[in-house]
Each structure stands twice: as C-alpha cells, then as structure tokens.
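To keep things clear, I will list the structure first and then write my remarks on it.
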Amino acid sequence: MAKEQSSTRERSRTNLKEPRRYKVTIYNDDFTTMEFVVMILTQVFFKSESEAEALMLKVHHSDKAVVGIYSYDVATSKARKATNMAREEGFPLRLTVEPEES
C-alpha cells in the first residue's frame, strides 16, 4: 500500500493594522503675519483660500489649530517645509507633528 501524504498548509496569521496617522498643529505667535500663514496653508497644505483663512483665524483666536492629519512621512515633510519657509522669511512659526488619538 502506498503511503498517503498529506499536504496541509499552516495558516499564518498576520495582524495587519492601519498605519498610524499624525496630526500637524500650527501655533500662533506675535510675529508671523496672517498673510504668510494663509500662504503656507495654501501652498504646503493645499487648503483652499477660504479654508486657509478660516484656519488662520482659528489659530489667531485659539493659539493653535490642527491643519491636517497624514502618515508620519507626509506630516513631518509638510511641517519641515513650512518651518523652513518661515525661517527663510524670518518668522518664528511653530508646527508640531503628534500621533492622532485613536
């Protein structure tokens, strides 16, 4: 009698999760002009003119506002680009990148 071979495969479980998301927050200061903040929001964060103005006013009145939620690489890249643009113009604009609360 021929020996029967069983070809069973073991299932490997992969616990795939959505990649963590990070929020970019912009902070108010007394030196960065409102026009420059609007320009940053439109050019770096691709906000519409009206959305950028609304966010700028929120920052002005509340001291900070979340301008977007992205993957880590995109969030840090956008924050770095905006910070570099501000420094080139002599503004102390501050942006932070933090994990989004689940």
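Throughout, residue positions are numbered sequentially from 1 according to the sequence presented.
- Between R87 and F91 the shortest heavy-atom distance is NH1-O, 3.0 Å.
- With hydrogens and angles disregarded, no donor-acceptor distance shorter than 3.5 Å links the side chain of K47 to the backbone of A54.
- Residues that satisfy the side chain to side chain donor-acceptor pair (under 3.5 Å) test with T83, not counting sequence neighbours, are absent from this structure.
- In this structure, A82 and F45 approach most closely via the heavy-atom pair CB-CE1, 4.2 Å.
- Contacts of F46 classified as ring pair (Phe, Tyr, Trp, His ring centres under 6.0 Å), with partners at least two apart in sequence or in another chain: none.
- The side chain to side chain donor-acceptor pair (under 3.5 Å) test applied to E98 returns T96, not counting sequence neighbours.
- The two residues V59 and A65 make their nearest non-hydrogen contact at CG2-CB, 3.5 Å.
- Residues V74 and K78 have side chains in contact (heavy-atom distance under 4.5 Å, counting atoms from C-beta outward).
- Residues that satisfy the side-chain contact (heavy atoms from CB on, under 4.5 Å) test with M85, not counting sequence neighbours, are F36, M39, I40, Q43, V44, K81.
- Annotation for Y27: atom OH counts as buried by contact number, over 12 foreign heavy atoms lying within 6.0 Å.
- Scored by the side-chain contact (heavy atoms from CB on, under 4.5 Å) test, D29 finds F31, T32, P92, L93 as partners (sequence neighbours excluded).
- In this view, I69 and R21, K23, V66, E100 satisfy the side-chain contact (heavy atoms from CB on, under 4.5 Å) rule, not counting sequence neighbours.
- One distance of note links NE2 of H61 with CE of M56; it measures 8.0 Å at 0.5 Å rounding.
- A distance of 5.0 Å separates CD1 in I26 from CG in L41, rounded to the nearest 0.5 Å.
- Nearest heavy-atom pair, A79 versus V24, reported as atom, atom and distance to 0.1 Å: CB-CG1, 4.3 Å.
- A pairwise comparison of heavy atoms in A75 and Y70 identifies N-CB, 3.8 Å as the closest pair.
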